[in-house]
Amino acid sequence: MERYDFAAVEKKWQDYWEKHESFKAVTGSPKKKFYALVEFPYPSGHGMHVGHIKAYSGLEVVSRKRRLEGYNVLFPIGFDAYGLPTENTAIKDGIHPRIVTDRNIEKFTNQLKKVGFSFDWSRVIDTTQENYYKWTQWIFLKLFENGLVFRDKTLVNYCPSCKVVLSNEDSQGGKCDVCHSEIIQKSKEVWYLRITEYADKLLEGLDTVNYLPNIRLQQENWIGKSTGAFVEFSIKENGEKLRIYTTRPDTLYGVTFMVIAPEHPIIEKYRDSIANIDALDAYKAECAKKSEFERTQLVKDKTGVKIDGLTAINPINGKEIPVYISDYVMMGYGTGAIMAVPAHDTRDYEFAKKFGIDIIEVIKGGDISKEAYTGDGEMVNSGVLNGIDNKKDAIEKMLEILAEKGCGEKGVQYKMKDWAFNRQRYWGEPIPIVHCPECGMVPVPYDELPLKLPPVDNFEPGQDGESPLAKIDSFVNCKCPKCGGDAKRETDTMPQWAGSSWYFLRYCDPNNDEALASKEALEYWMPVDWYNGGMEHVTRHMIYSRFWHHFLYDIGAVNTPEPYAKRTAQGLILGPDGEKMSKSKGNVVDPNDVVETYGADVLRVYVLFMGDYEQAAPWSESSVKGCKRFLDRIWALQDKLIDGDEYRPEMTAAMHKTIKKVSEDIEAMKFNTAIAAMMTLLNTIDGIGSINKAEYKSLLMLLNPFAPHITEEIYSNNFGAILSEQPWVTYDEALCVESSVEVAVQVNGKIKAKIMIPSDAEQPEVLEIAKNDPNIAGLVNGKTIVKEIYVKGRLVNIVVK
RNA sequence: GCGGGUGUGGCGGAAUUGGCAGACGCGCCAGACUUAGGAUCUGGUGUCCUCGACGUGCAGGUUCAAGUCCUGUCACCCGCACCA
């Protein structure tokens, strides 16, 4: 047999698939549908990363297997092409982002095709195309219409380097998601989507889907629902009500002070009656200088200032208590004010110690002279609550009392905040809103969509965080759609997550001009059966897109509340040095190089064989060669091919076992062990020295989803048919067992011998054989046998005294 | 600090969920074929060693039997982070 010419063969089959549209999904087919989704790439100028290959290879294998099993598979790909890196390249090189994007998409397309992914290329989408973002804008208008869009001037996350406002999700860790600069807080009026309105639905929806447990948990934590109570404290000096949120209303008798955020409006309202207003202003100014990051990260000591002129009254016992400002209370969570219970809250305890405030124990069980006690226990010093010995009952009782007094009620809070939904940049979807001096914010009429991004020469953002679009008079100046008067267009664009929040719907019907997708297509394909992607998207894209989908469900635009029935995540590929791949470390592996040196099949097999799919693993060039060797040996089997349309007796169990193992492992995403099983089978075959037709056909079928080119080539060369048109191989559970098996024989738990027994032998027979073994007889004879254990097909243990 | 995860040969990783630890691959060693090998093939390869002892981060425990279960502890990774 000649050496395997992977370059020629891979090209040949890629052309074949393209010509025959082998992977085209047919909407409405009577076959059972399977919708496999991978996260579409952002087409950066660097081209594909081996991480993309791993991310797509998982469901690629599943999709190919499903097609062989007779499913109608939708496995689409597209490009999430709006975003800052492209715009930054455009600015730097003086090329229009449209051209940069098209160039990058072409590059990605070529690379993806060279790897032989079985995407349905007839459904490719590009979020920056007018016929796509028309519908992104349409969804925005629907959100607007339904009161889920608002503008607000508050402190926002701002990246001074990118000159944009970022959402909470894009500012995780206090760093800009795009350029990793330190985020600062800035007061600015921006657009928000009321995602918090959907917090409960997003939380409850998790019960109806099958996400990996850690994915689910991260979403739950991000949404961060807490239940507690709102309580109103009166201010002695002016009768004002100071509203707080607490999860521990049961500890109300233990309140010895209150803390409000430095920005709390009550200070402004009563600044004239506060004696030490200068000190408060100074403290506030100091806090404003710190970034959110410093304010939370670098906590060494509690700081704060007592407000001289505001005294609160505890509604439960009428006690007068001091009010402080401190930066450990945030304006952005709850009401920006807390009741402090130093005996039972660690932060309040630290603060009280530092400022010499009373600490009153209301729950027994700890030693409050040493530290705050946050556990459960019997209530003390708490009036009518005394004697109640658990938190739940105490909270309930307290809520009753508060309700009677009319100064408190049950409440719910979320960590998740509303979605800051705009960027002061050019390369994004224009927000289809007109500002009219008469009518206020007026949506662009649906029949005027898409609101096109105007051509410009200068994409630089303005100095004070103004969008480049603001400089284009012909875009900005318009007529109000409502009253016809002079008006101005909104000039901010949508954030990069907009387009990806609904792209999986568009794949169902990518060219529809009447709707984001036809009802029939959505009915047929949705929900996505299996979605795989990166962990980094769990608290961004996955939250956003679920929110949009729930909303679209509520307005009847889609047929299920949840978009994704199942979600998994792949682990990173690290550099050969075990570090995260990055250009600055110079440890980046280019998939192109691997394809050119070893072939696409080798790359595909390697990224799945390198380790547990869900775990990070370092790249190893020599292990890549091992995969090359494996495929070359599969090729070389053609020299050992003999006749035979059924598995030979000595191969039967091995074949059935391998088919079972590979079939099951693919479903469980245990691709590494699936490949190992095929390697083991290959070793068995090489040991025998020959393979018959039936065996070869099955082995090629098992390997086909992983290495489609080489398997197709061997199959068509030897069997004159197209492998991917054959049905997936099946196995018979009963034939998976060998006729005889080796079991270990232990005496007192130590292995002393190994014996061959018929695999269906029962315990007495096996023990008989074991005791007659020369190595065992000597150890057992003349001793008292205390216990005899036989684990079927595994081992025998004889306990003697 | 809270939440989650991981810890197994020289390396990546397996282990039917309590049943022969180290599958499979890499690397390494030896041999074969070669002018040559960073190609291919064959054999070997956890550690210490003479027999048989020790081995899954560490220390205990349960069990006929523990990588797997329990208690404690250490290290590293990821996520959130003064969330009231």
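In what follows, chains are A, B, ... by sequence order, proteins preceding strands, each numbered from 1. Side-chain atoms are counted along with the backbone in the values below, which use heavy atoms only and exclude waters and symmetry mates. These numbers come from a predicted model, not from an experiment.
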Set of residues satisfying side chain to side chain contact (heavy atoms under 4.5 Å, CB included) with respect to A:K670, sequence neighbours excluded: A:D665, A:A668, A:N672, A:T673
Rounded distance in Å - CE (A:M535) to C1' (B:C80): 12 Å
Audit row: A:Y328, A:I338, side chain to side chain contact (heavy atoms under 4.5 Å, CB included) steps and yes/no: CA-CA 10 Å; A:Y328 85 89; A:I338 63 159; 3.8 Å; yes
OP1 or OP2 of B:A84 under 4.0 Å from side-chain N/O of A:Y245: no
A:K415 (side chain) and B:C80 (base): donor-acceptor pair under 3.5 Å: no
Contacts of A:E762 that satisfy salt bridge (Lys or Arg N to Asp or Glu O under 4.0 Å) - sequence neighbours left out: none
Whole angstrom value for the distance that separates P of B:C80 from CD of A:E169: 11 Å
Spacing between A:D250 atom CG and B:A84 atom P, to the nearest angstrom: 13 Å
Inter-nucleotide C1' distance (B:A84, B:U17), Å rounded: 42 Å
A:K410 atom NZ, over 12 foreign heavy atoms within 6.0 Å: no
Lys/Arg cation over aromatic A:Y731: A:K657, 6.0 Å, 45° cone: no
Residues which pass side chain to side chain contact (heavy atoms under 4.5 Å, CB included) with A:K783, listed by chain and number, not counting sequence neighbours: A:V800
Distance between P atoms of B:A66 and B:G61 (Å, rounded): 13 Å
Identify each donor-acceptor pair in which a side-chain atom of residues 620-632 of chain A lies under 3.5 Å from a protein atom, sequence neighbours left out, and give them as a table.
| unit_1 | atom_1 | unit_2 | atom_2 | d |
| --- | --- | --- | --- | --- |
| A:S620 | OG | A:S622 | OG | 3.4 |
| A:S620 | OG | A:S623 | N | 3.2 |
| A:S620 | OG | A:S623 | OG | 3.2 |
| A:E621 | OE2 | A:Y598 | OH | 2.6 |

A:K771 vs A:E788, salt bridge (charged side-chain N to carboxylate O under 4.0 Å, His left out): CA-CA, chis, key distance, verdict: CA-CA 11 Å; A:K771 286 183 212 162; A:E788 295 171 329; 2.7 Å; yes
Anti/syn call for B:U45, syn if |chi| within 90°: anti
cation_pi(A:R216, A:Y211) dist<6.0 Å, angle<=45: no
Syn-anti status, with the boundary at 90° from 0, for the nucleotide B:G7: anti
Length of the line joining A:N168:CG and B:G79:P, which is rounded to integer Å: 16 Å
Protein proximity profile, nucleotides 11-27 of chain B - base contact B, sugar-phosphate-only contact S, no contact -, cut-off 4.0 Å on heavy atoms: -SSSSB--BBS-BBSSS
Rounded P spacing from B:C26 to B:C20 in Å: 26 Å
Strand RNA chain B as a dot-bracket string - pairs counted if Watson-Crick or G-U with both distances under 3.5 Å, | where the partner lies in another strand: (((((((..(((......[....)))((((((.......))))))(((...)))..(((((..]....))))))))))))....
Integer angstrom distance from the P of B:G19 to that of B:C69: 11 Å
d(NZ, A:K752; P, B:A65) in whole Å: 15 Å
Integer-rounded Å distance: B:C80 P and A:N214 CG: 14 Å
